[in-house]
Amino acid sequence: MDNELRERREEHGLTQQELADEVGVSRQTIYAIEHSKYDPSLTLAFKFARCFDCTVEELFHPKLDD
C-alpha cells in the first residue's frame, strides 16, 4: 500500500518518534509504514487520519493491479 504518511508528518514538523508517541506505536513501526514495509491496522490508520485531520483515504492508497 502506498501512503503519504512521511509527507504529512514532515508538514506537521513531527519526528518519527513524536508521531509514534502520539499514536501509541514504536518509531520502527512508523519507519516501516513510511517505507511500505508494513500496512497499518485499520485502527492505527484512523489514528493517523485523526492526528493529521484528514481521511484514511487521503493517507493510504492501495496498489491496484494493472
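- Between atom CZ of residue Arg8 and atom CG of residue Asp53 there is a gap of 9.0 Å, rounded to the nearest 0.5 Å.
- Considering NE2 of His61 and OG of Ser36, their distance stands at 10.5 Å, rounded to 0.5 Å.
- With side-chain heavy atoms closer than 4.5 Å counting as contact, directly or through intermediates, the hydrophobic cluster containing Phe46 also holds Met1, Leu5, Leu14, Leu19, Val23, Val25, Ile30, Ile33, Tyr38, Leu42, Leu44, Phe48, Phe52, Val56, Leu59, Phe60.
- Taking a cutoff of 4.0 Å between a charged side-chain nitrogen and a carboxylate oxygen, Glu34 and Arg9 qualify as a salt bridge.
- Atoms CD and OG1, on Gln17 and Thr15 in that order, are 6.5 Å from each other to the nearest 0.5 Å.
- In this structure, NZ on Lys63 lies 8.5 Å from CG on Asp39, to the nearest 0.5 angstrom.
- Glu10 places no side-chain N or O within donor-acceptor distance of the main-chain N or O of Glu7, the cut-off being under 3.5 Å.
- Within the model, atoms CD of Gln16 and CG of Asp21 stand 12.0 Å from one another, a figure rounded to the nearest 0.5 Å.
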